[in-house]
S.K.: 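I am attaching a structure below and will ask some questions about it afterwards.
First the proteins, then the strands, lettered A, B, ... as listed; each starts at 1.
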Amino acid sequence: MNNTPFYICGPTASGKSSLSLEIAEQLDGEIVNADAFQLYRGLEIISAAPSQAEREILPHHLYGVLNPTESADAQRYVTLAKPVIAEILSRGKTPIITGGSGLYLKFLTHGAAPLPTADEALRAEMDARPLEDLVAQLHELDPLEASRTALQNRRFVSRALEICILSGQKASDLRDGWEKQTVEISSQLRGLVIQRTRLDLHARIAQRTRAMLDGGALKEVATLAQVSPNCEKAIGFREVRSLLAGEIDRHTCENLINAATRQYAKRQETWFRREKWLTPKLIA
RNA sequence: GGCCCGAUAGCUCAGUCGGUAGAGCAGUGGAUUGAAAAUUCACGUGUCGGCGGUUCAAAUCCGUCUCGGGCCA
């Protein structure tokens, strides 16, 4: 029996959770989270994590395993996911890896380049410097990388620089060495990406936002005392905070969350469109 | 009923002395290997409320009508 992992991807609110349950049933599988924010405990409502009822149907892994005070990243996700997947496979079950965090999935499926890990102190230092300054230094240390980096994007510039500084090597060399190995991996993967019309997706987003706000999102956010800067970025977190503080009304809050979610969904679609190994699954 | 203010992109609005219009938001497309629900790039033709007038030329000035909002009755 073929129990190689099965990936279920797609934009937020496209129905990944319920589809993954269906597919898990067909493939004798267990669900593994691939969502950056559903990793956190205490963000279940705002991150639209699977409900308690859904989790009781069959085993769900890597949901709510991190503290909101922690910061995750793609590498850490892989570190968490690999043993879980291996364990499921060892029992002869199929890992159904479900989520919308494109970068995390990419790391899991195609591996990580041999690059140095993020350095908080260095980042803080770089964040304090003007962008032009960082760009100039990158040009100096690694002209090739500078020439192919979006230099308006502070994140990308900082990261390239971080790699150069921490490794003492050129980011371009390290990255090129890795890219060459990725091509054949895709042919051994299986999975699907849910596609819906924008109209449909937008309607589902609106419906879900309303359900969140009616279903305890306010209480959830109010309860979260300390969160990492990472967690603060969850869509809905700031908006609900503003609502709780009386800065905006409920209607505005709902609209802001909807807009942010729609924009996120669009970025996810752009990402997954490039993942040619995923089979599109149109749902009308 | 009278007077005043407003009507310009899907929304909120800007538009100088008349020279046929542009911001923000929304939306769309893209980039994206350790912050990724992040970060970032590109994309602006619309009966300038309708009709008429003045003018070489009207979003802009004049008249009138319609629809909002306000004030006075």
S.K.: At 4.0 Å (heavy atoms only), tell me whether Ala260(A) reaches a base, stays on the sugar-phosphate, or touches nothing.
M.R.: nothing
S.K.: Treating primed atoms plus P, OP1 and OP2 as sugar-phosphate and everything else as base, which nucleotides of nucleotides 23-29 of chain B get B, S or - for protein heavy atoms under 4.0 Å?
M.R.: ---SSBB
S.K.: Sequence neighbours left out, what passes salt bridge (charged side-chain N to carboxylate O under 4.0 Å, His left out) with Arg190(A)? Give chain and number order.
M.R.: none
S.K.: Please confirm whether the backbone N or O of Leu201(A) pairs with a side-chain atom of Arg196(A), one donor and one acceptor, at under 3.5 Å?
M.R.: no
S.K.: Between Ile163(A) and Met212(A), which residue's closest nucleotide on RNA chain B lies nearer the 5′ terminus?
M.R.: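 With Met212(A) and Ile163(A) compared, the 5'-side residue is Ile163(A).
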S.K.: Between rA37(B), rG34(B), rA31(B), which nucleotide gets closest to the side-chain atoms of Arg123(A)?
M.R.: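 The closest nucleotide is rG34(B).
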S.K.: Give the nucleotide from the list rG34(B), rA37(B), rA36(B) with an atom nearest to the side chain of Arg175(A).
M.R.: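 The answer is rG34(B), which lies nearest to the side chain.
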S.K.: Please list residues of residues 133-144 of chain A whose heavy atoms come under 4.0 Å from any atom in RNA chain B, ordered by number; otherwise none.
M.R.: none
S.K.: Output a table of donor-acceptor pairs, distance under 3.5 Å, between side-chain atoms of residues 33-41 of chain A and any protein atom two or more places apart or on a different chain; print 'none' if there are none.
M.R.:
residue: Asn33(A); atom: OD1; partner: Asp35(A); partner atom: N; Å: 2.7
residue: Asn33(A); atom: ND2; partner: Asp35(A); partner atom: O; Å: 3.2
residue: Asn33(A); atom: ND2; partner: Leu62(A); partner atom: O; Å: 3.0
residue: Asp35(A); atom: OD1; partner: Phe37(A); partner atom: N; Å: 2.8
residue: Asp35(A); atom: OD1; partner: Gln38(A); partner atom: N; Å: 3.0
residue: Gln38(A); atom: NE2; partner: Ser47(A); partner atom: O; Å: 2.8
residue: Gln38(A); atom: NE2; partner: Ala48(A); partner atom: O; Å: 3.1
residue: Tyr40(A); atom: OH; partner: Glu70(A); partner atom: O; Å: 3.1
residue: Tyr40(A); atom: OH; partner: Ala72(A); partner atom: N; Å: 3.1
residue: Tyr40(A); atom: OH; partner: Asn230(A); partner atom: ND2; Å: 2.8
residue: Arg41(A); atom: NE; partner: Gly64(A); partner atom: O; Å: 3.2
residue: Arg41(A); atom: NH2; partner: Val65(A); partner atom: O; Å: 3.3

S.K.: I want to check one thing: is the phosphate of rA36(B), taken as OP1 and OP2, less than 4.0 Å away from some side-chain N or O of Tyr104(A)?
M.R.: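 Result: yes.
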S.K.: Could you tell me if Thr252(A) and Asp249(A) have a donor-acceptor pair between their side chains, going purely by distance under 3.5 Å?
M.R.: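 Judged by distance alone, the side chains do pair up.
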S.K.: Do you see a donor-acceptor pair shorter than 3.5 Å between the side chains of Glu247(A) and Ser242(A)?
M.R.: yes
S.K.: Could you give the CZ-to-C1' distance, from Arg154(A) to rA31(B), as a whole number of Å?
M.R.: 19 Å
S.K.: Report yes if some heavy atom in the side chain of Ser101(A) is under 4.5 Å from a heavy atom in the side chain of Leu105(A); otherwise report no.
M.R.: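 With C-beta onward as the side chain, the pair stays apart.
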S.K.: Report which part of the nucleic acid Ser101(A) touches: base, sugar-phosphate, or nothing (heavy-atom distance under 4.0 Å, all strands).
M.R.: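 The residue Ser101(A) makes sugar-phosphate contact but no base contact.
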S.K.: Which part of the nucleic acid, if any, lies within reach of Asp127(A) when heavy atoms closer than 4.0 Å are counted: base, sugar-phosphate only, or nothing?
M.R.: base
S.K.: For Glu22(A), does its backbone N or O pair with a side-chain atom of Glu25(A) as donor and acceptor, under 3.5 Å?
M.R.: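 No: the side chain of Glu25(A) does not pair with the backbone of Glu22(A).
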S.K.: Give me the stems containing RNA chain B, sorted by first residue, counting only three or more consecutive Watson-Crick or G-U pairs with both distances under 3.5 Å; say none if there aren't any.
M.R.: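 As far as RNA chain B goes, consecutive pairing (with distances under 3.5 Å) yields the stems B:1-7 with B:66-72, B:10-13 with B:22-25, B:27-31 with B:39-43, B:49-53 with B:61-65.
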S.K.: OP1 or OP2 of rG34(B) less than 4.0 angstrom from a side-chain nitrogen or oxygen of Arg159(A), does that happen here?
M.R.: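 It does, given that an N or O in the side chain of Arg159(A) lies less than 4.0 Å from OP1 or OP2 of rG34(B).
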S.K.: Mind checking if Ala150(A) touches a base, just sugar-phosphate, or nothing, with heavy atoms under 4.0 Å?
M.R.: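 If one applies the 4.0 Å heavy-atom cut-off, Ala150(A) turns out to touch nothing in the nucleic acid.
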S.K.: Write down the distance separating the P atoms in rG46(B) and rA21(B), rounded off to the nearest Å.
M.R.: 13 Å
S.K.: Does the side chain of Thr94(A) pick up a donor-acceptor pair with the side chain of Asp28(A) at under 3.5 Å?
M.R.: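 No, no side-chain donor-acceptor pair sits under 3.5 Å.
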S.K.: Determine the interatomic distance between C1' on rU60(B) and the same-named atom on rG1(B); round to the nearest Å.
M.R.: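 So the two C1' atoms sit 31 Å from each other.
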S.K.: Any sub-3.5 Å donor-acceptor pair from Ser158(A)'s side-chain atoms to Arg155(A)'s backbone N or O?
M.R.: no
S.K.: Glu30(A) and side chain to side chain donor-acceptor pair (under 3.5 Å): which partner among Arg91(A), Lys93(A), His60(A)?
M.R.: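 Exactly one pass, corresponding to Arg91(A).
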S.K.: Could you work out the separation of rU45(B) and rC51(B) based on their C1' atoms and round it to a whole Å?
M.R.: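 My reading of the C1' atoms in rU45(B) and rC51(B) gives 23 Å.
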S.K.: For residues 226-240 of chain A, which residues have at least one heavy atom under 4.0 Å from RNA chain B?
M.R.: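 Residues of residues 226-240 of chain A under 4.0 Å from RNA chain B: Asn230(A), Lys233(A), Ala234(A), Ile235(A).
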S.K.: Mind checking Thr261(A) for me? I need base, sugar-phosphate or nothing, with any heavy atom below 4.0 Å counting as a touch.
M.R.: nothing
S.K.: Any chance CZ of Arg250(A) has more than 12 other-residue heavy atoms, nucleotides or ligands included, within less than 6.0 Å?
M.R.: yes
S.K.: Do Arg208(A) and Thr12(A) pair up side chain to side chain, a donor and an acceptor below 3.5 Å, judged on atom types alone?
M.R.: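 Their side chains do contain a donor-acceptor pair, which is all the 3.5 Å distance test asks for.
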S.K.: Rounded to the Å, how far apart are Asn255(A) CG and rG10(B) C1'?
M.R.: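 The answer, rounded to whole Å, is 14 Å.
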S.K.: Identify, between Asp73(A) and Gln152(A), the residue whose nearest nucleotide on RNA chain B lies closer to the 5' end.
M.R.: Asp73(A)
S.K.: May I ask whether Leu144(A) and Ile165(A) are part of the same hydrophobic cluster, defined by side-chain heavy atoms of I, L, V, M, F, W, Y residues being less than 4.5 angstrom apart, directly or through others?
M.R.: no
S.K.: Could you give the distance separating rA59(B) and rG49(B) at their C1' atoms, to the nearest angstrom?
M.R.: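 Approximately 12 Å lies between the C1' atom of rG49(B) and that of rA59(B).
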S.K.: Do His110(A) and Ser186(A) have a side chain donor and acceptor closer than 3.5 Å?
M.R.: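 Indeed, the side chains of His110(A) and Ser186(A) share at least one donor-acceptor pair under 3.5 Å.
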S.K.: Identify which nucleotide among rA35(B), rC41(B), rA37(B) has an atom closest to any side-chain atom of Ala36(A), counting heavy atoms from C-beta outward.
M.R.: rA37(B)
S.K.: Using the P atom on both, measure rG10(B) against rA42(B) and round to a whole Å.
M.R.: 23 Å
S.K.: Could you please name the option among rA37(B), rA38(B), rG34(B) that lies closest to any side-chain atom of Arg267(A)?
M.R.: rA38(B)
S.K.: Taking only the C1' atom of each, what is the distance from rC62(B) to rG70(B) in whole angstrom?
M.R.: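 Straight-line distance between the two C1' atoms is 25 Å.
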S.K.: With syn defined as a glycosidic angle within 90° of 0 and anti as everything else, classify rG34(B).
M.R.: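 It is syn.
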S.K.: With distance as the sole test, does Glu239(A) use its side chain to make a donor-acceptor pair with the main-chain N or O of Gly236(A) at under 3.5 Å?
M.R.: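 Yes, because the side chain of Glu239(A) sits within donor-acceptor range (under 3.5 Å) of the backbone of Gly236(A).
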